[in-house]
Participant: 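Let me begin by handing over the structure; questions about it come next.
As a basis for the values below, the full set of heavy atoms in this structure was taken, side chains included, without hydrogen atoms, waters or symmetry mates.
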Amino acid sequence: MTLWVGCCGYYTGAFLRPWLDIPATGRQVAMRFHDEFFRVEDGRVVELQAVWDIPEVLMQAGVWPMGPSLGREGQVPGPATEDGLRPLEGDAETSLAIVATMLADMVKHPREPLEAMRLEEHWHSAFS
């Protein structure tokens, strides 16, 4: 049996050594993980798909290489239910295919033009 398990939250700890060429600050750092999906077969994880907020770590280390953020900065609250669980609804295979296609398109940036990410196909026009 194949099972997908998804989660989101924060990794946090003391930033004592450089990581990915980001200089250590010696202070606490928190890195949001937006989506971690684990495919489990026969009781073992056989695949991981993850999106980590490495730019947030850059900001906390004071080495932000881009222009100022246009959005909210800081920790995002967890689910309103405070349990992080979502019951299975609808067609899980269809949902998985949609997310996998979106992630495959989004990783094309910045090596390819922004249009290659096909954002208009994956996000509502009013999303901000």
Participant: Please determine whether residues Val46 and Val5 belong to a single hydrophobic cluster, defined as Ile, Leu, Val, Met, Phe, Trp and Tyr linked transitively by side-chain heavy-atom distances below 4.5 Å.
Facilitator: no
Participant: Under a 3.5 Å distance rule, please check whether Arg27 uses its side chain to pair with a backbone N or O of Gln60 as donor and acceptor.
Facilitator: yes
Participant: Verify the cluster assignment for Val51 and Phe37: are they in a single hydrophobic cluster under the rule of side-chain heavy atoms below 4.5 Å apart?
Facilitator: yes
Participant: Check step by step if side-chain contact (heavy atoms from CB on, under 4.5 Å) holds for Arg44 and Phe38.
Facilitator: CA-CA 10 Å; Arg44 293 182 155 208; Phe38 301 88; over 6 Å; no
Participant: I'd like to know whether the aromatic ring centres of Tyr11 and Phe33 sit less than 6.0 Å apart in this structure.
Facilitator: yes
Participant: Decide yes or no for Trp4 and Gln49: does some side-chain heavy atom of the first lie under 4.5 Å from some side-chain heavy atom of the second?
Facilitator: yes
Participant: Roughly how far apart are Glu41 CD and Leu3 CG, rounded to 0.5 Å?
Facilitator: 10.0 Å
Participant: Mind checking whether Trp19 and Ile54 have side chains closer than 4.5 Å, heavy atoms only?
Facilitator: yes
Participant: Run Gln28 and Thr12 through side chain to side chain donor-acceptor pair (under 3.5 Å) and show every step you take.
Facilitator: CA-CA 7 Å; Gln28 178 185 3; Thr12 186; 2.6 Å; yes
Participant: Any side-chain heavy-atom pair from Phe15 and Pro23 closer than 4.5 angstrom?
Facilitator: no
Participant: Would a single hydrophobic cluster contain both Val57 and Trp64, if residues Ile, Leu, Val, Met, Phe, Trp and Tyr are joined by side-chain heavy-atom contacts under 4.5 Å?
Facilitator: yes
Participant: Flag the pair Leu58 / Ile22 as yes when at least one side-chain heavy-atom distance between them is below 4.5 Å, and no otherwise.
Facilitator: yes
Participant: Report whether Leu20 and Met59 are members of the same hydrophobic cluster (ILVMFWY, side-chain heavy atoms less than 4.5 Å apart, transitive linking).
Facilitator: yes
Participant: Hydrophobic cluster membership, with links at side-chain heavy-atom distances under 4.5 Å among I/L/V/M/F/W/Y: are Val40 and Leu48 in one?
Facilitator: yes
Participant: For Glu36 and Trp52, which I'm curious about, is there any donor-acceptor pair between the side chains at under 3.5 Å?
Facilitator: yes
